[in-house]
Amino acid sequence: MAEGHRTWTEEQIDTVLGRFADGFSHQRRSPLLHSPAEYGLAHEDVSFPSRDGVPLEGWFIPAPGSNKLVIANHPMGFTRSGMPTHLEPWHSEWAASGNGFEVDFVPDYVILHEAGYNVLAYDLRNHGLSGAANGGITPGRPSAGDRAGHRRATP
């Protein structure tokens, strides 16, 4: 064995690959740890249906007088506010991939707001405070319906 390299058993490989594959379909829901109010941003809590009727929850952060809009999607496993990978059980699940630190998206919304953009940040189905669908599985196609659903929520 070369120095610094680990030898894996078949069982360990199967376990790691199984967790990896499951991560694409069954994500643990992360809590919303931050909000625009923490950063002094006025916002509205919004709710709107996805194309197939799943209720989606989000924030609309208005930039008065602006007709520009950014719609903020988030990666799988995250929420509109970020990801608590500095806390358990998320740390144990994500740290091995280099993601063992907290992610807070709200400062990015502050930057966009200060640049004159309205911001719609929302939770995809099976994430954050949005509704459950597909038995908790998050395939790519229905989340496209989530993105299409936000058209009804924006002014």
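Values in this document were obtained by computation on a predicted structure and should not be read as measured data.
- Of the possible donor and acceptor atoms, one in the side chain of Thr85 sits under 3.5 Å from a partner among the backbone N and O of Phe101.
- Under a hydrophobic-cluster definition in which Ile, Leu, Val, Met, Phe, Trp and Tyr are linked whenever side-chain heavy atoms come within less than 4.5 Å, directly or via other members, Leu69 and Val119 are assigned to different clusters.
- A pairwise comparison of heavy atoms in Ser30 and Trp90 identifies OG-NE1, 3.4 Å as the closest pair.
- With contacts defined as side-chain heavy-atom distances shorter than 4.5 Å, the pair Val46/Leu120 qualifies.
- When all heavy atoms are compared, the tightest approach of Glu93 to Arg28 is OE2-NH2, 2.5 Å.
- Ring to ring, Phe60 and Tyr122 are not that close: their centroids are 6.0 angstrom or more apart.
- In summary, the side chains of Asp104 and Tyr39 do present a donor paired with an acceptor at a separation below 3.5 Å, with no hydrogens or angles considered.
- Annotation: side chain of Val106 is not in contact with side chain of Asp108 (no heavy-atom distance under 4.5 Å).
- Residues Ile71 and Leu32 do not share a hydrophobic cluster, clusters being chains of Ile/Leu/Val/Met/Phe/Trp/Tyr side chains in contact below 4.5 Å.
- Here the side chain of Glu38 pairs a donor or acceptor atom with the backbone of Ser35 at under 3.5 angstrom.
- When the side chains of ILVMFWY residues are joined at heavy-atom separations under 4.5 Å, either directly or via intervening members, Val103 and Leu124 end up in two distinct hydrophobic clusters.
- Here the CD-CG distance, from Glu102 to Leu87, works out to 7.0 Å after rounding to the nearest 0.5 Å.
- Connection of Leu41 to Val70 is established within a shared hydrophobic cluster, with ILVMFWY side chains joined at heavy-atom distances below 4.5 Å, either directly or through further cluster members.
- The shortest heavy-atom contact between Gly116 and Ser66 is O-OG, 2.5 Å.
- Ser50 OG to Leu56 CG: the interatomic distance, rounded to the nearest 0.5 Å, is 5.0 Å.
- No donor-acceptor contact under 3.5 angstrom links the side chains of Glu57 and Ser130, judged on distance only.
- Ring-centre distance between His86 and His91: not below the 6.0 Å cut-off.
- In terms of hydrophobic clustering, with Ile, Leu, Val, Met, Phe, Trp and Tyr side chains grouped at heavy-atom distances under 4.5 Å, Phe105 and Met76 are assigned to different clusters.
- Panel note: side chain Arg125, backbone Gly131; no donor-acceptor pair is recorded below 3.5 Å.
- We find the CG-OG1 distance between Leu33 and Thr79 to be 7.5 Å, quoted to the nearest 0.5 Å.
- In this pair, His43 and Trp59 present their aromatic rings perpendicular. The plane angle is above 60°, beyond the 30 to 60° band.
- Annotation for Pro62 and His113: closest pair O-NE2, 3.0 Å, computed over non-hydrogen atoms.
- The list of salt bridge (Lys or Arg N to Asp or Glu O under 4.0 Å) pairs with a residue in residues 75-90, not counting sequence neighbours, reads Arg80-Asp123.
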